[in-house]
Structure formats: structure tokens, C-alpha cells
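These values consider heavy atoms only, across backbone and side chains, with no hydrogens, waters or symmetry-generated copies. Whatever order the structure lists them in is the order used to number ligands and atoms, beginning at 1.
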Amino acid sequence: MTKHIFVTGGVVSSLGKGLTSASIGMLLENRGLSVRLQKLDPYINVDPGTMSPYQHGEVYVLDDGSETDLDLGHYERFTNSPLTRDSNYTTGQIYLAVINKERRGEFLGQTVQVIPHITNEIKHVLSKLAADDVDVVITEIGGTVGDIESQPFLEAIRQYSLDAGKENCVYIHLTLIPYLKAAGELKTKPTQHSVGQLRQIGIQPDLLICRTERSMSHDERAKIALFCNVPIEAVIEEKDKDFSIYEVPMSLVENQLDELIVRKLGLQAGPLDLTDWKNLLDRLHHPRHQIDIAVVGKYAEHRDAYKSIYEALDHAGIEHRAEIRVKRVHSEAIEEEGAEQILADMDGVLVPGGFGERGIEGKIEAIRFARERGIPFLGICLGMQCAVVEFARNVGQLADANSAEFSKDTPHPVICLLDEQRTITDMGGTMRLGAQPTTLVAGSKARTCYGRDDISERHRHRYEFNNEYRQAFNEGGMQIVGTSPDGSLVEIIEIPDHPWFVAVQFHPEFKSQPTRPHPLFAGFVGAAVARHQECGPRTEKAESV
Ligand code: GLN
């Protein structure tokens, strides 16, 4: 029988529920258990696909094409749990399902209400991932306890243990123990209040994970235990990690979290073997190189907007024993200050995906600079489209070349709308989404990185390389080295006559793991390390460009 773990958060948002849930999943998998992860988000959007990265951070795309919350990225990086459309539900989706049923007359004249109809629908999605071959489903409830929006979700997880059996459910509450400088102590009151609110709606947490910047004393833990009605060993400290998110599982293990869960749920689990994970941390803590990579995007100031890209760079850094110092560059700053000023010292330049015209010229200028100076370049989705525009303008002498996304009447639309997109008017879930196959050209850098001919990568776009320009690009020195298997869609371009200039229409960052870096990120970072070694220390290099 599948057991359930519910993870809620209290006191403040951004405590790292996603990371903690992913870490729990990783530890349980490591003990030989089969785990599934799921996130329920209390907002009305049907999915985050229509939300600005400023509001919600990156949209994380799954193989099946669902556009999901970025916490699912943590789940995939930490575990092997397969994720699908059932791994992320929002209030909007739940209501939509219930309202559609009501319109079909399925409620047979009943008054449709939050309890029981909405909560029943939530319980239905909670049970969807349970299966014979699944030992544990971990469900993270987005938002913070006390929010009006989260209430139906909390009510549903409370009810769930009545159906599934209390012994088959564990409630974990992630909370904050702030340190007050003036008082010189850790404060437990916000946690007492947050657990108080949970208990008011009938949920007694089994385990408390306490985020704190300082270690808690025995007395502080005992106080939390007493006021929150849990045994002292159920008060788990998760001390802030300055260094890396990949340390989180280790701190949970120090506090025996995996063992407490296994015991509470009566799971048949094997011993923990964290050798691989410890090796990874060792490589991370003892880099041999330090390299600088510029990520030139529109949302530079927003740390979550390119989350998976920063993570994938770190993974490749772990592989090459390189500490990656990411310079988050606002592409408009390049328009104002010039590429030389901002990028001259960089060992690599990455232009990520995006939408809309703002900052486009800065991205194109950054790409010109990387191409002309031989700086390793990786373009992703919009980054590839900008590389194509840059090449057409500056090498192909097509001065007005552009993407049809930004100029409807350019004489040279080198990037144009996908045929299947021409009649689409709805914005939600209508892009070319999810896993699509690509065939690679022998002898290309991409083929060397992947080590095979056929790959599958995740997409999220409406525009594509315009096939009318294929021959001109090939002749001009930009090669098409990856296409859809029927050859109709361009997926990867390269400039063979450059140390490392590769750009892809898909999103490789969604398939990188710390223990298995993505081949293209590994190739890019490897080229950046090589450039760094060739160019010598930074000051000399600054002179050499
Ligand atoms: N805006 C571009 C398109 O829709 C690129 C999308 C992206 O970078 N994800 O094709």
C-alpha cells in the first residue's frame, strides 16, 4: 500500500519546501523505496505557463509538455521520480475540473461546494500517484499555512488520513526559527503560532523541520516540542546552507529524518548509502578552476527566472571541477554600456529563453561579441533565435533580418512562426511543448557531446528557424546540426569555425542532474574552462581582448 507524506510550510514563504521535499524524496529513494513527488499550488492560474517570470520564476516543462512550478525542477534534479501532468495541480485546475463536471450535470442537482466537492477533487488528485509499485507519495502544499487560498488543500490532506489510515500518512511542517539580534536568541513563537493554526484545522504535524541560521539548543528544541505537541526527536533542525542546496539532504540525515519517516510509516527500507552524493559535495567544495559565465537575459535580477539554467551550469561545473561564477547580465545593460565593457572578462556567454522584444538587441550584441571573440557560447531557445538573427545581420549582410516575433514586416524573417501556431489564439498550454526527438549530424560538436545520434529534449516555443534560409546559413558558416527526424524543423545550430558556438531550440537545462550533468552544458563549461586556461589570469586576459 502506498504511504503519503504531506509537506506544509509556515511563518514565511520561500523557506525551501520544494528543496526539502526533494531532499526527502532523494533520501527515501536512496533507501531503496519507490517515490513519487507532487506539488499543489494555491493560485487560480491553471498552470504557471501564463505567468510572468517576475511573478513566479521559471516555468518548468516536463516531457509530457505540462508547464509546471519550478519546484518540480528540484524534484527531478534530486530524484528519479517520473513526473507527469499529475505531479502539479493548481487551485485553478481543481476548480476547472469541478466546474466542468457541474456543467456536464455530474453532480445530479446537488449544490456544489468547497467541502465536499472541491476537497473531494483534491483528494482524488492526491490518490492519483498511488500505485502498487509506489511506496511513498510526497505531496508539497504550496503557500503558507494561514493563507486563505491554501485552506481547501489543508482540509483535503486532513481528510485524506481518515480514508488512507493515520498510520499511512506523515505530516511534515517546515517552519522558521528566526534569530533576533537584539535579544540574542532564537525565537520559537512564530512556529508555535503556525503549528497552532494547523492544529485548529485538525492537522497535528508529526515532524517539524525548523529552518534556522543558528543551531538550536536542546532547551529550544524541547520548548518547541512541548508547545507544538511533538516528541523532541521530531524537531528537526535545517540550518541555513550558504554553500549549496545539495547540502540540504545531509543536514536532514544528521537529524535522522529518513529514519523517523521510515519508522512512522512502517516502511521496509534498506540502509542509506550516500557515497555518490558525498563525492558530489566533495567536488563542489574543492574546485580546481574558477570560471566566469555571463547569463544574458531579460530577468537578470530575478534569481528564480533562470533557475534550471543556473543549476545546470553548477552540475557541469561539478563535472569539470570548476566553480562557476555566474554574472547575471541584464541584456538592456549591454545596449547601454556595450558588450566589451560587460563581457570582456567572461569565459563563456549563455543566452537563455524568453519572450517579448525588450532587451533583444542587447542579446544579439552579446552574441556578436562572443562569436567574434571566440568566447564559448550556448544559446537556448530564444538564445538560438537571437544567434540566427545576429548571424544573418552581421555575417549574411541581411541588415534588417529579424524574428517575426519582434518585427512582423521584416524583409528577412529568419525566425518565423511554426505552421501549427498560425491559427492559435489561446495563450495557455498552446506552444510546441514537451519532449520531441532530434537527429544529430555526425561530426558536430553536439553529436560529440551527446555521444549518440538520436536524442529527446523538451521544448517550449512558438517560433522556429525559417527553412528558406537554410542553404544560405550552411554556406555562410552556420551549420544546422540537429533537426526533427523528418528534417523539417531546425533544432540545433553551430559555427564549426569557432571554439564552441552551439545553440538549441529546446531547453537542455530541464534534463540536467547534479550526478548526471547535461551533455551540452558539460561541453559548454568544458570549453569555458579551456578558454580560461588558455587566457591565463583575469587581468592578463582583460588586456588580451
Ligand atoms: N519567444 C520564442 C518563441 O516563442 C522563444 C521561446 C523560448 O525561449 N522559450 O519561439
Worksheet item: What is the distance from atom CD1 of Ile5 to atom CG of Leu28, rounded to the nearest 0.5 Å?
Response: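 The CD1 atom of Ile5 sits 5.0 Å away from the CG atom of Leu28.
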Worksheet item: Less than 3.5 Å between some nitrogen or oxygen of Leu382 and one of ligand 1, yes or no?
Response: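 Among all N and O atoms of Leu382, at least one is under 3.5 Å from an N or O of ligand 1.
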Worksheet item: Within less than 4.0 angstrom of ligand 1, does His507 place any heavy atom?
Response: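 Heavy atoms of His507 do come under 4.0 Å of ligand 1.
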Worksheet item: Applying a strict 4.0 Å limit to heavy atoms, is Gln385 in contact with ligand 1?
Response: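 Yes, Gln385 has a heavy atom closer than 4.0 Å to ligand 1.
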Which residue and non-hydrogen atom of the protein lie closest to [atom], and at what distance in Å?
| atom | answer |
| --- | --- |
| atom 9 (N) of ligand 1 | Arg460 O, 2.9 Å |
| atom 5 (C) of ligand 1 | Gly354 O, 3.3 Å |
| atom 1 (N) of ligand 1 | Glu405 OE1, 2.7 Å |
| atom 7 (C) of ligand 1 | Cys381 SG, 2.9 Å |
| atom 10 (O) of ligand 1 | Tyr463 N, 2.8 Å |
| atom 4 (O) of ligand 1 | Arg462 N, 3.0 Å |

Practice prompt. Could you tell me whether the side chains of Thr430 and Arg462 share a donor-acceptor contact shorter than 3.5 Å?
Written response: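 Arg462 and Thr430 do have a side-chain donor-acceptor pair below 3.5 Å.
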Discussion item. Could you tell me if Glu491 and His459 have a donor-acceptor pair between their side chains, going purely by distance under 3.5 Å?
Written reply: yes
Discussion item. Is the distance between the ring centroids of His56 and Tyr43 under 6.0 Å?
Written reply: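 Yes; His56 has its ring centre under 6.0 Å from that of Tyr43.
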Fill in: Donor-acceptor contact present, side-chain Asp292 to main-chain Asp347, <3.5 Å
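Judged by distance alone, no pair lies under 3.5 Å.
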Discussion item. Between Thr50 (side chain only) and Gly428 (backbone N and O only), is there a donor and an acceptor less than 3.5 Å apart?
Written reply: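 Absent.
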Worksheet entry | Gly353 neighbourhood, listing ligand 1 atoms whose heavy-atom distance to it stays under 4.0 Å |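 Within the 4.0 Å cut-off of Gly353, ligand 1 contributes 8 (O).
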Discussion item. So if I apply the side-chain hydrogen bond (donor to acceptor under 3.5 Å, both in side chains) rule between Lys39 and each of Asn88, Thr90, Thr68, Asp71, which one comes out positive?
Written reply: Asp71
